[in-house]
Amino acid sequence: MTLFALTNARPIYRYSSAAGHRSAYPSYCGQWTISWPIGKPCVVRFAPHDSHSAATDVYPPSFPARVNKCVEMMAGIISDGAWKVAFPGRAKHAGPWLLQERPKGFGGAHGTRHLYNMQGGKVFEVDLLALVPCTSNEHENAVKLEIPALGEATNHAVLYVPKHEAQVLAKALDCLPWSSLSWSLHRGLKDVLLAHGKPVMNQYRVQLASGFQAGVLASRAALIERGWASEFVDGPMASMAKSAILSGSGNSGDVVRIVVAIVECLLQRVGMVDKVNLDRTDFWSRQLETSSSSGLAAFSAGEQFRAADMDILVALTKFFVLEWSQDLDYQLYHDLPVEILLA
């Protein structure tokens, strides 16, 4: 599970019968397959991509990845120091539902706590956001969201978010971890945070996309120094970044690496690498107090901008990575035995 999360794997095929179990998970780094014939060992195999080579690849050959954050995102947990909150699974029906915080409630939840515990996490340290059935008078003054749902009757559910829980969601968005690659993550976390943050992201989307297009030219030297091919930086890189931002969703680790690299080179260019905590912003919490979408005018015009604007840029870049991340069913370990061979 950890290797799947590190390589940004997602499910495409699963088959179980009297003969055994087979499944396939393509990832950014290659193809994972699981084969467990009845009466024989369960074998997980990895086949690296053969389409990448030093002679033809325009991307840097390596990028950083953090095991602890990959595990947390797969388990549906956002953390900031001692503060940790776990998200509920996908809604089981149309609802309506009410989002309710339960302090240190993760240890009593049915969901990813077993996986998080097996990965070395301490479930008793984690708060829980739970989906509870909503009565007619419980959602007064609450924000109404529409989230994906399971079941054949409908594929969407209504979720009401009270004021306190809205503050928790804002903090969770501010504490999204920085990543050079899209996540393989908990679908409940993705459902709720995307529904909560999408209206704000849409207010900034055009300005943000224009800024990334201008940022490639301004950071050309830094990008080439990091290993990006000069012909790629001078050619399609800017348009790819702009198109990815405007699309609002997708499935490509390559474009995520492009957008993240532009921000990191911008930080380097303005001398703020050591002054900005990429894992912690204040933007989303401030949005609860004001709905203003100002702050990125200088960035979109390719001009010098203030340090305060960097907080907005980092927060929206992390949300973009969330938009381009894939679901990974955290319960897939139920299909497998305790002992697995890695080939």
Side-chain angles (χ1 to χ4, degrees), residues 10-11 73-78 85-102 109-112 127-176 182-206 208 244-251 283-293 315-316 318-330:
R10 60 187 175 89
M73 294 296 281
M74 179 174 57
I77 294 173
I78 304 290
V85 63
F87 281 74
R90 179 161 288 172
K92 293 179 173 58
H93 54 77
W97 300 93
L98 186 73
L99 192 66
Q100 184 182 88
E101 184 190 30
R102 295 176 178 173
H110 176 73
T112 60
D127 298 335
L128 175 68
L129 288 172
L131 295 181
V132 298
C134 180
T135 60
S136 59
N137 60 348
E138 285 183 320
H139 57 74
E140 295 181 5
N141 302 318
V143 177
K144 181 181 178 181
L145 302 178
E146 189 175 84
I147 58 175
L150 302 172
E152 299 178 357
T154 179
N155 57 357
H156 287 91
V158 173
L159 174 64
Y160 290 100
V161 183
K163 182 178 179 180
H164 172 72
E165 280 70 15
Q167 293 171 342
V168 176
L169 293 184
K171 184 174 182 180
L173 285 169
D174 277 326
C175 295
L176 280 172
S182 44
W183 302 104
S184 294
L185 50 66
H186 184 278
R187 62 188 180 186
L189 179 151
K190 183 180 180 182
D191 293 345
V192 175
L193 288 185
L194 284 186
H196 183 72
K198 187 76 82 170
V200 173
M201 179 66 170
N202 288 341
Q203 293 177 27
Y204 285 88
R205 198 175 295 279
V206 174
L208 189 66
I245 294 291
L246 291 176
S247 69
S249 63
N251 177 21
F283 169 75
W284 294 102
S285 296
R286 293 199 309 271
Q287 283 295 310
L288 294 176
E289 304 171 3
T290 175
S291 58
S292 172
S293 60
L316 295 179
K318 293 194 294 183
F319 191 84
F320 161 79
V321 176
L322 188 69
E323 289 182 317
W324 280 71
S325 295
Q326 292 83 46
D327 301 349
L328 180 64
D329 185 3
Y330 59 84

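The analysis underlying the following values was restricted to heavy atoms, covering all of them including side chains, and did not include hydrogens, waters or symmetry mates. In this chain, numbering begins with 1 at the start of the sequence shown. Because the structure is predicted, anything quoted here is derived from the model rather than measured.
Interatomic distance, CE of M74 versus CG of L189, reported as 12.5 Å (0.5 Å rounding). Within the model, atoms CG of N155 and CG of L150 stand 10.5 Å from one another, a figure rounded to the nearest 0.5 Å. The CD atom of Q167 sits 10.0 Å away from the CD atom of E101 when rounded to the nearest 0.5 Å. Atom-to-atom distance recorded for L193:CG and I147:CD1 is 11.0 Å, nearest 0.5 angstrom. In this structure, OG1 on T135 lies 11.0 Å from OH on Y160, to the nearest 0.5 angstrom. For the atom pair CZ of R205 and CD of E323, the computed distance is 4.0 Å after rounding to the nearest 0.5 Å.
For the pair P11 and L328, the minimum side-chain heavy-atom distance is below 4.5 Å. At a threshold of 4.5 Å between non-hydrogen side-chain atoms, the residues L129 and L169 count as touching. No side-chain heavy atom of V161 sits less than 4.5 Å from a side-chain heavy atom of V192. No side-chain heavy atom of Q326 sits less than 4.5 Å from a side-chain heavy atom of K190. Between L99 and L131, the closest side-chain pair of non-hydrogen atoms falls below 4.5 Å.
Taking both residues in full, the closest heavy atoms of H93 and A157 are given as O-CB, 3.3 Å, listed atom of the first, atom of the second, then distance. In this structure, L128 and A109 approach most closely via the heavy-atom pair CD2-CB, 3.7 Å. In terms of heavy-atom proximity, W97 sits nearest to K92 at CZ2-N, 4.0 Å. Minimum heavy-atom separation, P88 to H186: O-CE1, 3.0 Å.
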Decide yes or no on side-chain contact (heavy atoms from CB on, under 4.5 Å) for I77 and V85, but give the supporting numbers first. CA-CA 6 Å; I77 294 173; V85 63; over 6 Å; no
Check: Taking it one step at a time, do I245 and L316 satisfy side-chain contact (heavy atoms from CB on, under 4.5 Å)?
Finding: CA-CA 10 Å; I245 294 291; L316 295 179; over 6 Å; no
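The ring pair (Phe, Tyr, Trp, His ring centres under 6.0 Å) check on F87 picks up nothing, with sequence neighbours excluded.
Ring to ring, F319 and F283 are not that close: their centroids are 6.0 angstrom or more apart.
When each of R10, R187, R90 is checked for a salt bridge (Lys or Arg N to Asp or Glu O under 4.0 Å) with D327, only R90 meets the rule.
Using a distance-only test at 3.5 Å, with no hydrogens or angles considered, no donor-acceptor pair links the side chain of E165 to the main chain of K163. Of the possible donor and acceptor atoms, one in the side chain of K318 sits under 3.5 Å from a partner among the backbone N and O of D174.
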